Amino acid sequence: MKLKYLIAILCFNLSFFLQAQQDRFAELKQQLDLITSESPGLEEPVDLSVSGISVTEFLRALGRNNQVNISVAPDVSGQVVNNFSNVTVAEVLIFMAKQYQLDFDITGNIIHIRSFQEPVPPPEIVIPRQVLVTYDTATQRVSMELKNDSLVKVAKALTRQTGKNIVYEPGLESKKVSLYLEDVSFDQAMDKLAFANNLTVSKTEDNFYLIEAIQKAAKGEEGSQRFRDLNQTEEKALFYIDSNLISLEVDNQPLDEVIRNLYQNLGIDYFLYSQLNGNITLKVIGVRLNELLNKIFYGTSYTYRYRDGVYIIGERKLEGLRETKRIYLQHRSVEKISEFIPGDLKEGVELKEFNELNSLLVSGSYPQIVELERFVNSIDKPVPVVIIEVLIVDYQRNNNISTGIELGKGEVPASSSTIYPSFNYTFNAAAINNLLNSFNGFGALNLGPVTPDFYLNLRLLEDNGILNVKSTPKLSTLNGHEANISIGNTEYYVVEQTNITGVQNPIPINIRNFQSVQANFTLTIKPIVSGDNQVTMEIDVEQSDFTSRITPEAPPGSVTRKFTSMIRVKGDEMILLGGLEEKNINDTGSGVPLLSRIPIIKWFFSSRNRTYSKSKLNIFIKPTVIQ
């Protein structure tokens with residue numbers, strides 16, 4: 001069966017090759033046919049018999065004898081041994097192309113003959129396989145389907161989707177991993193990924209996941225590789241290596257000697273800029289080399305940097321150990337960000353704000369920059385936006401009752417009357433005398449006329465007013481920043497000033513200025529969003545209104561209502577702030593002593609004016625948090 005299968009494949013490939021060759025020669029014949037009108041020699045019959053002539057000379061002679069422009073490329077080779085009789089020049093050229101693997105390039109009526117070269121197939125487009133890693137942010141569960149995927153791509157995919165930083169050991173860039181997991185926690189996924197692919201994974205104190213290859217330790221004391229201080233006769237400085245984890249214990253040992261012994265026994269290249277001064281006392285168990293160096297150099301003026309496979313060690317201020325980096329902020333402005341960085345992180349680091357790129361430019365030792373960048377990234381988080389919907393309802397109600405009878409003597413007002421809907425009737429002397437004359441003649445009743453400057457006023461009035469004002473502003477602000485709204489009214493009053501100019505002939509100059517006073521409604525809200533989507537709001541409300549003027553020229557009076565509150569609500573919940581209520585009752589009157597106090601008849605012997613006003617301010621607030 002296998003032999004038959006191979007034969008079938010060979011036959012198919014052969015037939016495909018022959019078909020391709022036939023198509024090529026047919027195309028060559030079409031090209032020659034197109035220039036026949038300009039090169040009639042292609043149709044001339046040929047009778048030739050040659051033996052041992054080079055292909056180049058044969059083609060040149062063929063073109064020269066038949067007046068056909070033929071150019072032969074230098075790469076054409078071979079010997080011609082053929083006999084041609086009663087064939088055209090075009091047929092001879094097609095035969096030569098088949099026999100000696102030639103190809104034609106035709107320009108005008110010039111035929112350029114060269115060796116045939118197989119066309120280069122187009123490069124195969126390889127679509128990279130997608131790393132199948134999914135992460136559910138709600139449940140923080142991971143699913144993976146890996147099959148010979150690059151460890152680099154898997155680490156990138158996990159870091160992007162989970163936000164957890166994964167670092168792999170140098171040399172694992174070409175490592176292929178395979179694994180299938182469904183709905184497991186992130187730590188379980190990392191453990192199984194390491195177990196299934198002969199790797200180890202560990203979590204550092206700063207929440208980094210380190211992936212390393214499993215390396216078996218040399219068999220020594222306690223199953224690990226043990227090293228001794230080469231400069232000590234007694235074992236005062238020992239360290240162990242087990243699965244790339246170093247345990248070190250030193251007691252008041254010179255820092256310079258500890259570093260030299262460590263690197264010499266590990267067989268790692270290092271470079272010291274200068275001698276390391278001071279002694280150290282340290283005991284650590286099961287840490288990696290970089291973490292060990294951080295502990296050794298912590299609090300000293302020395303640092304290290306790994307570059308091109310060599311550990312460079314020296315003072316932090318040296319040029320080779322300084323690092324310059326741009327830390328880009330994604331979610332907040334770089335302005336004033338340096339004020340939030342602790343002083344110990346900025347010590348020994350040059351820091352500048354680059355507003356145009358929203359970045360920090362830092363220069364200092366590499367470990368300090370790493371620690372500074374880690375802190376900046378920890379506070380560079382999206383700031384929630386709070387949309388505050390405010391509904392302001394200002395309700396005002398007024399009631400004024402004016403009653404009484406007024407008799408007077410003096411300047412007589414013009415006679416006027418209002419009967420409906422209110423009653424306000426004024427009688428002058430003529431109207432009163434006409435009324436009195438209508439009563440005369442009823443028996444002994446004879447009141448007589450009144451004086452010409454006598455008048456009478458009857459008043460029974462009631463005024464009611466209701467004012468309901470609503471406004472619905474909408475504010476937006478960042479978490480922790482104030483949002484303000486102010487609605488006001490401005491009134492003016494006249495201030496007159498008289499200046500006298502001149503001494504012998506003083507001239508008074510009157511100056512009138514308009515001064516303004518304002519009555520505003522001001523609302524200030526400062527929202528603070530907590531982790532459970534609740535909003536704590538500091539609210540300041542101040543409202544001022546105008547009151548009546550003492551005189552028309554006097555400035556208007558004002559009354560102010562103000563309160564401050566701090567509340568906490570859930571997002572999209574509405575709260576009501578009330579209590580800004582004001583009531584005014586003014587009851588004045590004048591009348592005849594004693595008689596003005598007697599019920600019922602007091603209305604005929606007095607004049608009364610009663611004013612009642614009530615205003616109430618309600619504020620509805622609804623915060624909405626947008627992450």
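What you see is a predicted model, and the numbers here were worked out from it, not measured in a lab. Basis for what follows: all heavy atoms, side chains included, without hydrogens, waters or symmetry-related copies.
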K.L.:
Tell me, with the steps shown, if Leu172 and Leu199 meet side-chain contact (heavy atoms from CB on, under 4.5 Å).
P.N.:
CA-CA 10 Å; Leu172 295 179; Leu199 300 170; 4.3 Å; yes

K.L.:
Charged N to carboxylate O under 4.0 angstrom, Asp105 versus Arg114?
P.N.:
yes

K.L.:
Any chance you could lay out the side-chain contact (heavy atoms from CB on, under 4.5 Å) test for Val250 and Ile280, step after step, and finish with the verdict?
P.N.:
CA-CA 7 Å; Val250 292; Ile280 64 168; 4.0 Å; yes

K.L.:
Find out whether Tyr135 and Arg160 are in side-chain contact, i.e. whether some heavy atom of one side chain is under 4.5 Å from a heavy atom of the other.
P.N.:
no

K.L.:
Could you give the distance from OG1 (Thr200) to CG (Leu210), rounded to the nearest 0.5 Å?
P.N.:
9.0 Å

K.L.:
Set out, in order, the CA-CA distance, both residues' side-chain angles and the distance that settles side chain to side chain donor-acceptor pair (under 3.5 Å) for Asn165 and Thr159, then state yes or no.
P.N.:
CA-CA 5 Å; Asn165 294 307; Thr159 300; 5.4 Å; no

K.L.:
Return yes when atom CD of Glu335 has more than 12 non-hydrogen atoms of other residues, nucleotides or ligands closer than 6.0 Å, and no otherwise.
P.N.:
no

K.L.:
Give me the atom names and distance for the closest heavy-atom approach of Leu276 to Leu272.
P.N.:
CD1-CD2, 4.2 Å

K.L.:
Within 45° of the axis and under 6.0 Å from the centre of the six-membered ring of Phe186, does NZ or CZ of Lys164 qualify?
P.N.:
yes

K.L.:
How close do Val76 and Ile113 get, counting heavy atoms only, and between which atoms?
P.N.:
CG2-O, 3.8 Å

K.L.:
To the closest 0.5 Å, what do you measure between CD (Glu182) and OG (Ser143)?
P.N.:
4.0 Å

K.L.:
Would you call Asp380 and Arg332 a salt bridge, taking side-chain N to carboxylate O under 4.0 Å as the test?
P.N.:
no

K.L.:
Taking Val383's backbone N and O only, do any of them form a donor-acceptor pair with Asn479's side chain (distance below 3.5 Å, no angle check)?
P.N.:
no

K.L.:
Considering only heavy atoms from C-beta outward, does the side chain of Leu292 approach that of Leu282 to under 4.5 Å?
P.N.:
yes

K.L.:
Nearest heavy-atom pair of Pro623 and Val386: which atoms, and what distance?
P.N.:
CB-CG1, 4.2 Å

K.L.:
So how far is it from Leu289 CG to Ile246 CD1, rounded to the nearest 0.5 Å?
P.N.:
5.0 Å

K.L.:
Any carboxylate oxygen within less than 4.0 angstrom of a Lys/Arg side-chain nitrogen, looking at Lys336 and Glu353?
P.N.:
no

K.L.:
If you compare all heavy atoms of Ile70 against all heavy atoms of Leu59, which two are closest, and at what distance to 0.1 Å?
P.N.:
CD1-O, 3.8 Å

K.L.:
Using side-chain heavy atoms (C-beta onward) and a distance below 4.5 Å, is Phe297 in contact with Ile259?
P.N.:
yes

K.L.:
Flag the pair Val80 / Tyr100 as yes when at least one side-chain heavy-atom distance between them is below 4.5 Å, and no otherwise.
P.N.:
yes

K.L.:
Which value, rounded to the nearest 0.5 Å, describes the distance between Phe354 atom CZ and Arg326 atom CZ?
P.N.:
8.0 Å

K.L.:
So, Ser178 side chain and Asn148 main chain: donor-acceptor pair closer than 3.5 Å or not?
P.N.:
yes

K.L.:
Hey, could you give me the CG/CE distance between Leu102 and Met96, rounded to the nearest 0.5 Å?
P.N.:
6.5 Å

K.L.:
Which value, rounded to the nearest 0.5 Å, describes the distance between Ile327 atom CD1 and Leu351 atom CG?
P.N.:
7.5 Å

K.L.:
In terms of heavy-atom contacts, does NZ of Lys192 have more than 12 from other residues, nucleotides or ligands at under 6.0 Å?
P.N.:
no

K.L.:
Might you work through the side-chain contact (heavy atoms from CB on, under 4.5 Å) test for Ile337 and Leu329, ending with a clear yes or no?
P.N.:
CA-CA 10 Å; Ile337 191 68; Leu329 279 76; 4.1 Å; yes

K.L.:
Spell out, as yes or no, whether a donor-acceptor pair under 3.5 Å connects the side chain of Asn198 to the backbone of Ala194.
P.N.:
no

K.L.:
Counting N and O atoms only, with roles assigned by atom type, does the side chain of Lys346 sit under 3.5 Å from a partner on the main chain of Ser338, one being a donor and the other an acceptor?
P.N.:
yes

K.L.:
Kindly say whether the aromatic ring centers of Tyr263 and Tyr311 come within a distance under 6.0 Å.
P.N.:
yes

K.L.:
Considering non-hydrogen atoms only, spot the tightest contact between Tyr302 and Asn277 and give its length.
P.N.:
OH-N, 3.0 Å

K.L.:
Tell me the closest heavy-atom pair linking Ile285 and Lys283, and the distance in Å.
P.N.:
CD1-CE, 4.3 Å

K.L.:
More than 12 non-hydrogen atoms from neighbouring residues, nucleotides or ligands closer than 6.0 Å to CZ on Phe195, yes or no?
P.N.:
no

K.L.:
Answer yes or no: are there more than 12 heavy-atom neighbours, outside Gln79 itself, under 6.0 Å from its atom CD?
P.N.:
yes

K.L.:
Are Val177 and Lys175 side-chain neighbours, meaning at least one heavy-atom pair lies under 4.5 Å?
P.N.:
yes

K.L.:
Any chance the side chains of Ser185 and Gln188 put a donor and an acceptor closer than 3.5 Å?
P.N.:
yes

K.L.:
For residues Leu62 and Val68, determine if any side-chain heavy atom of one lies less than 4.5 Å from a side-chain heavy atom of the other.
P.N.:
no

K.L.:
Within the distance-only criterion (no hydrogens, no angle test), does the side chain of Ser363 pair as donor or acceptor with the backbone N or O of Glu350 below 3.5 angstrom?
P.N.:
no

K.L.:
Around atom CG of Asn355, are there more than 12 heavy atoms from other residues, nucleotides or ligands closer than 6.0 Å?
P.N.:
yes

K.L.:
Would you mind reporting whether Val376 and Val362 have side-chain heavy atoms less than 4.5 Å apart?
P.N.:
no

K.L.:
Is the backbone of His481 close enough, under 3.5 Å, to the side chain of Thr477 for a donor and an acceptor to pair up by distance?
P.N.:
yes

K.L.:
Can you check whether Asp183 reaches Asp136 side chain to side chain, under 4.5 Å on heavy atoms?
P.N.:
no

K.L.:
Mind running side-chain contact (heavy atoms from CB on, under 4.5 Å) on Tyr209 and Asp187 for me, showing each step along the way?
P.N.:
CA-CA 9 Å; Tyr209 289 84; Asp187 289 340; 2.6 Å; yes

K.L.:
Just by modelled atom types, is the Ala189 backbone N or O under 3.5 Å from a matching donor or acceptor in the Asp191 side chain?
P.N.:
no

K.L.:
For Asn358 and Val334, indicate whether the former's side chain and the latter's backbone hold a donor-acceptor pair under 3.5 Å.
P.N.:
yes

K.L.:
Whether the side chain of Gln161 engages the backbone of Val133 through a donor-acceptor N/O pair (distance < 3.5 Å, no angle test) should be reported.
P.N.:
yes

K.L.:
Looking at Glu91 and Thr88, would you say the former's side chain and the latter's main chain have a donor-acceptor pair under 3.5 Å?
P.N.:
yes

